[in-house]
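Here's the structure, in structure tokens; my notes come after.
Reckoned from all heavy atoms, side chains included, excluding hydrogens, waters and symmetry mates. The sequence lines fix the lettering, A, B, ..., with proteins before strands; numbering per chain opens at 1.
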2 protein chains.
Amino acid sequence: MYIFRWLTILFLFVALHAQSQHTESYKYPPSEVVTIHSKVLNEDRKVYVHCPKVDSTDLNKRFPVLYLMDADNHFELLAQYVDYLSRPDVLAMPKMIVVGIANTNRTRDLTPTSSITNYMGKPDSSSYKLSGGNESFLQFIEKELIPMIDKNYKTEPYKIFAGHSFGGISALNCMLTYPDMFNAYIAVSPSLWWDNEYLLKLTDEKLKEGSVLNKKLFYSNGNEGGNNSFFHKGLLKLDSTIANKKLKRLDYVYKHYSTETHMTEPVVAYFDALRFIFKDWGK
Amino acid sequence: MYIFRWLTILFLFVALHAQSQHTESYKYPPSEVVTIHSKVLNEDRKVYVHCPKVDSTDLNKRFPVLYLMDADNHFELLAQYVDYLSRPDVLAMPKMIVVGIANTNRTRDLTPTSSITNYMGKPDSSSYKLSGGNESFLQFIEKELIPMIDKNYKTEPYKIFAGHSFGGISALNCMLTYPDMFNAYIAVSPSLWWDNEYLLKLTDEKLKEGSVLNKKLFYSNGNEGGNNSFFHKGLLKLDSTIANKKLKRLDYVYKHYSTETHMTEPVVAYFDALRFIFKDWGK
């Protein structure tokens with residue numbers, strides 16, 4: 001009977017060897033979750049920070065920073081884009097730090113005015129009763145978040161502010177009310193319908209014809225109900241308002257993604273926005 | 001003097017409290033590195049495997065699989081796209097397993113014939129002397145990799161094969177020589193110039209006019225030296241060859257990204273390819 005036992009052992013050995021296989025964890029380029037207490041907002045806030053891989057031959061190198069809203073939707077995507085597009089064999093943009101701001105109360109933080117009217121023009125107080133906190137949110141970014149990032153990471157002054165939907169109107173609101181806070185703004189499908197087109201009116205009011213606005217600006221919409229949708233009509237109005245202002249040194253582009261939905265659009269729009277902002281980089 | 005000491009301590013306490021800040025590691029959705037020994041290739045191979053998050057209410061759910069070449073370039077990108085596009089609030093494609101195949105000898109594995117001629121038509125034996133191993137590489141995938149993945153992960157039969165550049169000609173070569181191995185093929189900027197347009201000749205030879213090829217096929221090129229480049233002319237020839245064959249049940253699309261480079265193009269092309277392959281999904 002011993003012979004069978006040995007044959008079994010031999011068989012197992014051969015079988016295991018034939019399938020020799022080893023599994024370990026895949027190592028993503030690391031990112032950090034930083035929790036800070038905001039006095040402005042009177043709450044703790046989480047931000048996700050992704051830094052370029054350290055180059056041992058240039059330890060003092062500093063990097064521009066991309067500040068991104070709705071971090072739980074798009075932080076990994078933007079971190080991936082920045083890492084890939086700045087690779088030495090791609091070289092389409094500089095290495096950047098990506099700071100993703102996670103939401104606590106999204107509607108409160110990312111709406112510029114208090115309004116309970118939804119995009120259909122109907123009241124919806126349960127969704128929107130806490131709206132209108134964008135001013136405080138921008139104060140948090142200016143007074144607390146940016147100083148914390150500048151203190152703890154190797155930043156250079158160039159900064160981008162990026163958002164989608166309510167995050168899109170926050171990016172535009174920031175450009176109009178705090179034009180010195182960022183160098184470039186990305187507004188993917190901004191909810192221009194908000195509060196009876198508040199942002200469109202503010203755009204017309206704040207941007208003086210022929211004035212200087214030394215910024216880069218990307219805005220876009222997808223197919224959010226066809227060409228008669230509130231989104232598409234709002235973006236067309238924004239685009240014509242900006243064109244009519246004949247601003248000096250504003251480098252802007254409008255993209256309409258007619259085959260993308262409100263939620264698939266950010267994937268291609270954020271890529272195009274980075275390509276647009278850095279189109280002359282390295283030239 | 002004690003009063004100064006106490007004031008210093010008090011100051012430090014207040015300063016620390018004001019900046020109260022906590023940092024931890026960001027947790028990416030986990031992926032695995034699996035090392036298997038390939039008898040076909042007579043070497044160990046690493047593959048990166050990313051699985052959808054387990055749904056506790058549907059533990060037996062099985063998933064289609066995307067097999068990707070050049071994993072060190074594009075695995076994280078594809079894993080990110082698949083995770084995001086299959087989210088319940090995006091729902092543009094099914095959850096999928098992504099298997100990225102890391103290279104050992106890229107030129108050997110991803111070229112269909114032995115040739116030392118570079119894309120300028122000049123001999124380059126140092127770069128290409130080991131070329132022509134694509135047949136063995138496809139055998140490795142069919143006989144060893146796919147069975148290992150099917151054995152260890154919750155796969156369903158639907159499979160996509162995706163590659164860029166030499167990976168693009170490998171995807172096309174696979175479709176032509178082993179049409180049953182995959183259900184859909186993605187060829188981003190395939191190097192159709194390889195070996196005096198070997199793949200274009202093979203396409204014309206293997207695809208019989210009016211025959212049935214029940215597949216989805218995406219191919220593209222960027223701006224790789226303008227409209228007279230070998231890449232662009234090759235893709236136009238491929239596109240007209242396929243059109244002339246009037247194949248039944250082949251759903252294909254050609255995209256030309258005139259503002260993208262050979263290395264930026266995959267970011268948008270892989271997104272568009274997934275959108276194309278799953279355009280009717282869920283409808």
Side-chain angles (χ1 to χ4, degrees), chain A residues 17-37 39 44 46-50 71 73-81 83-85 87 89-93 100 144 147-148 151-152 259-268 270-272 274-276 279, chain B residues 17-37 39 44 46-50 71 73-81 83-85 87 89-93 100 144 147-148 151-152 259-268 270-272 274-276 279:
Chain A
H17 188 74
Q19 311 201 1
S20 69
Q21 180 185 317
H22 170 72
T23 300
E24 60 195 313
S25 284
Y26 180 88
K27 286 186 183 58
Y28 286 90
S31 299
E32 292 178 340
V33 181
V34 184
T35 306
I36 54 169
H37 183 75
K39 289 180 178 172
D44 285 351
K46 277 189 200 305
V47 293
Y48 309 150
V49 184
H50 183 68
N73 286 351
H74 303 128
F75 170 73
E76 291 174 23
L77 185 75
L78 268 293
Q80 170 62 218
Y81 282 175
D83 276 2
Y84 180 80
L85 292 173
R87 278 169 49 145
D89 57 346
V90 183
L91 224 56
M93 62 173 286
E144 299 177 319
M148 185 280 282
K151 184 171 170 236
N152 291 288
T259 60
E260 301 305 330
T261 69
H262 191 62
M263 289 304 283
T264 63
E265 179 205 0
V267 182
V268 62
Y270 277 132
F271 170 76
D272 283 344
L274 291 175
R275 295 284 286 144
F276 166 73
K279 64 185 187 296
Chain B
H17 188 74
Q19 310 199 3
S20 68
Q21 180 184 316
H22 170 72
T23 301
E24 60 195 312
S25 283
Y26 180 89
K27 286 187 182 57
Y28 286 90
S31 299
E32 292 177 340
V33 181
V34 184
T35 305
I36 54 169
H37 182 76
K39 288 181 180 172
D44 284 352
K46 277 190 200 305
V47 294
Y48 310 149
V49 184
H50 183 69
N73 286 352
H74 303 128
F75 171 72
E76 290 174 23
L77 185 76
L78 268 295
Q80 169 63 218
Y81 282 174
D83 276 2
Y84 181 81
L85 293 173
R87 278 168 48 146
D89 58 347
V90 183
L91 225 56
M93 61 173 285
E144 298 177 319
M148 185 280 282
K151 183 171 171 234
N152 291 286
T259 61
E260 301 304 331
T261 69
H262 191 62
M263 288 305 282
T264 63
E265 179 204 0
V267 181
V268 62
Y270 277 132
F271 171 76
D272 283 345
L274 292 175
R275 294 285 286 143
F276 166 72
K279 64 185 189 295

Residue part contacting chain B, namely of [X], when any heavy atom lies under 4.5 Å:
X      : answer
A:L77  : both
A:K279 : neither
A:D44  : neither

- [ ] Please identify each residue that fulfils salt bridge (Lys or Arg N to Asp or Glu O under 4.0 Å) with A:E260, with sequence neighbours left out.
- [x] B:R275
Task: Stepwise side chain to side chain contact (heavy atoms under 4.5 Å, CB included) check, A:Q21 with B:T35 - done: CA-CA 5 Å; A:Q21 180 185 317; B:T35 305; over 6 Å; no
Task: Rounded distance (nearest 0.5 Å) linking atom CD of A:E32 with atom CD of B:E24 - done: 10.0 Å
Task: Residue among B:H262, B:Q80, B:K27 with most heavy-atom pairs under 4.5 Å to chain A - done: B:Q80
Task: Top contributor to chain A interface from B:V90, B:N73, B:L91, B:N152 [non-hydrogen pairs under 4.5 Å] - done: B:N73
Open item on the list: Do B:Y28 and A:P30 make a side-chain contact, defined as non-hydrogen atoms from C-beta onward lying under 4.5 Å apart?
Closed with: no
- [ ] Measure from the ring center of B:F271 to the ring center of A:F271 and say whether it is less than 6.0 Å.
- [x]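 They do not qualify: ring centres at least 6.0 Å apart.
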- [ ] Could you tell me which residues satisfy side-chain contact (heavy atoms from CB on, under 4.5 Å) with A:P29, sequence neighbours excluded, listed by chain and number?
- [x]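 If we apply the side-chain contact (heavy atoms from CB on, under 4.5 Å) test to A:P29, skipping adjacent residues, the hits are A:H50, A:D83, B:E76.
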TODO: Give a yes or no answer on whether the side chain of B:Y84 reaches the backbone of A:M263 with a donor-acceptor pair at less than 3.5 Å.
DONE: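 Yes.
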